[in-house]
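These notes are about the structure you will find just below.
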Amino acid sequence: MKYVERLMPQLTVPEVPKHSSYPTPSGWVPPREEALSLPYQVRRTKNHMLPVYHEQTHQNRHCVHIRKVEGDIWALEAALKEHLQQLYPEKQLASQVHEVARSIRIKGHYIHDVADFLISKGF
């Protein structure tokens, strides 16, 4: 049975790893406590990564998908749109908020901008 137990998934999420300096060489940054005061939260995945994904459909349609949003999802969507509008004033941004699935989709290839925004907010 001991050989089977080591293959089974862990029941608890491991603790956030401690490093001597941040960001780490891979660019990983731990979440900050100041993010808890915002009206919305973006929870990290079980591997302590941001739940921001790039989706490509129909070979040319790019979307950024943000999952695990808690709290005021509309406030996060408005803040993201405002941030992206400052970076790209000439572009028209389209987004979709899915309240039940707790996710936001933004049309375009903005994955690095969205991840940088979430890290700057402390998530």
Side-chain angles (χ1 to χ4, degrees):
M1 186 65 181
K2 68 180 182 179
Y3 298 108
V4 174
E5 287 175 350
R6 69 182 176 90
L7 297 175
M8 295 176 67
Q10 295 179 358
L11 297 178
T12 60
V13 176
E15 291 295 319
V16 177
K18 305 286 189 258
H19 296 280
S20 59
S21 66
Y22 296 105
T24 61
S26 66
W28 183 82
V29 180
R32 296 191 309 252
E33 293 294 324
E34 63 194 43
L36 298 174
S37 64
L38 294 171
Y40 48 82
Q41 300 291 315
V42 179
R43 299 287 175 208
R44 299 258 179 140
T45 63
K46 66 180 179 179
N47 296 322
H48 309 290
M49 302 301 286
L50 286 171
V52 179
Y53 306 98
H54 173 255
E55 294 178 347
Q56 182 176 353
T57 57
H58 301 91
Q59 296 180 352
N60 247 356
R61 184 174 166 205
H62 300 276
C63 289
V64 178
H65 191 192
I66 306 152
R67 296 181 49 234
K68 297 183 172 242
V69 179
E70 296 178 4
D72 192 357
I73 193 169
W74 295 101
L76 174 60
E77 188 250 355
L80 272 169
K81 275 184 127 174
E82 181 182 335
H83 175 72
L84 291 173
Q85 200 67 49
Q86 289 175 355
L87 293 176
Y88 306 101
E90 70 282 352
K91 294 203 176 187
Q92 190 123 22
L93 297 171
S95 64
Q96 176 187 17
V97 175
H98 195 311
E99 287 181 294
V100 177
R102 302 179 326 183
S103 67
I104 299 174
R105 267 199 185 114
I106 300 173
K107 186 177 178 184
H109 194 70
Y110 305 113
I111 187 162
H112 299 295
D113 300 319
V114 170
D116 291 342
F117 172 78
L118 293 175
I119 289 172
S120 72
K121 290 290 186 181
F123 301 115

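Here, residue 1 is the first one in the sequence, and each next residue gets the next number. In what follows, every heavy atom counts, from backbone to side chain, and hydrogens, waters and symmetry copies are set aside.
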- Message: Using a 6.0 Å cut-off, check whether atom CD of Gln92 has over 12 heavy atoms from anything other than its own residue.
- Response: no
- Crowding at CD, Glu90 (>12 non-hydrogen neighbours, <6.0 Å): yes
- Message: Assess the residue pair His62 and Tyr110 against the criterion (side-chain contact (heavy atoms from CB on, under 4.5 Å)); give the C-alpha distance rounded to whole Å, side-chain angles, the decisive distance to 0.1 Å, and a yes or no.
- Response: CA-CA 9 Å; His62 300 276; Tyr110 305 113; over 6 Å; no
- Looking only at heavy atoms, what is the nearest atom pair of Pro30 and Tyr22, with distance? CD-CD2, 3.3 Å
- dist Gln56:CD -> Cys63:SG (nearest 0.5 Å) comes out at 10.0 Å
- Do side-chain atoms of Gln41 reach the backbone of Ala35 as a donor and acceptor pair under 3.5 angstrom? yes
- Start with the C-alpha gap between Phe123 and Val69, add the side-chain angles, then the distance that decides, and say whether side-chain contact (heavy atoms from CB on, under 4.5 Å) holds. CA-CA 11 Å; Phe123 301 115; Val69 179; over 6 Å; no
- Query: For His19, does the NE2 atom sit with more than 12 other heavy atoms under 6.0 Å from it, leaving out its own atoms?
  - Reply: yes
- Flag, side chain of Gln85 to backbone of Lys91, donor-acceptor distance under 3.5 Å: yes
- Would a hydrophobic clustering, with Ile, Leu, Val, Met, Phe, Trp and Tyr connected at side-chain separations under 4.5 Å, put Val42 with Tyr53? no
- Glu33 atom CD, over 12 foreign heavy atoms within 6.0 Å: no
- Grab the two heavy atoms, one from Gly108 and one from Val64, that are nearest each other, plus how far apart they are. O-CG2, 3.6 Å
- Task: Spell out, as yes or no, whether a donor-acceptor pair under 3.5 Å connects the side chain of His58 to the backbone of Arg61.
- Result: no
- Note on the structure: Taken to the nearest 0.5 Å, the spacing of Ile104 CD1 from Arg67 CZ works out to 13.0 Å
- Query: Are Trp28 and Phe117 connected in a single hydrophobic cluster, I mean Ile/Leu/Val/Met/Phe/Trp/Tyr linked by side-chain heavy atoms less than 4.5 Å apart?
  - Reply: no
- Query: Would you say the side-chain atoms of Arg32 pair up with the backbone N or O of Ser120, donor to acceptor, closer than 3.5 Å?
  - Reply: yes
- Task: Please round to the nearest 0.5 Å and tell me the distance separating atom CG of Leu118 and atom NE2 of His83.
- Result: 9.0 Å
- Non-hydrogen side-chain atoms of Leu50 and Arg44 separated by less than 4.5 Å: yes
- Item | Arg105 and His98, any side-chain heavy atoms less than 4.5 Å apart | no
- Same apolar cluster (I L V M F W Y, side chains within < 4.5 Å links), Leu84/Tyr40: yes
- Please say whether more than 12 non-hydrogen atoms of neighbouring residues, nucleotides or ligands are located less than 6.0 Å from NZ in Lys81. yes
- Message: With a 4.5 Å cut-off on side-chain heavy atoms, are Ile66 and Ile106 touching?
- Response: yes
- Message: For residues Ile73 and Leu38: do they belong to one hydrophobic cluster (side chain heavy atoms under 4.5 Å, members Ile, Leu, Val, Met, Phe, Trp, Tyr)?
- Response: yes
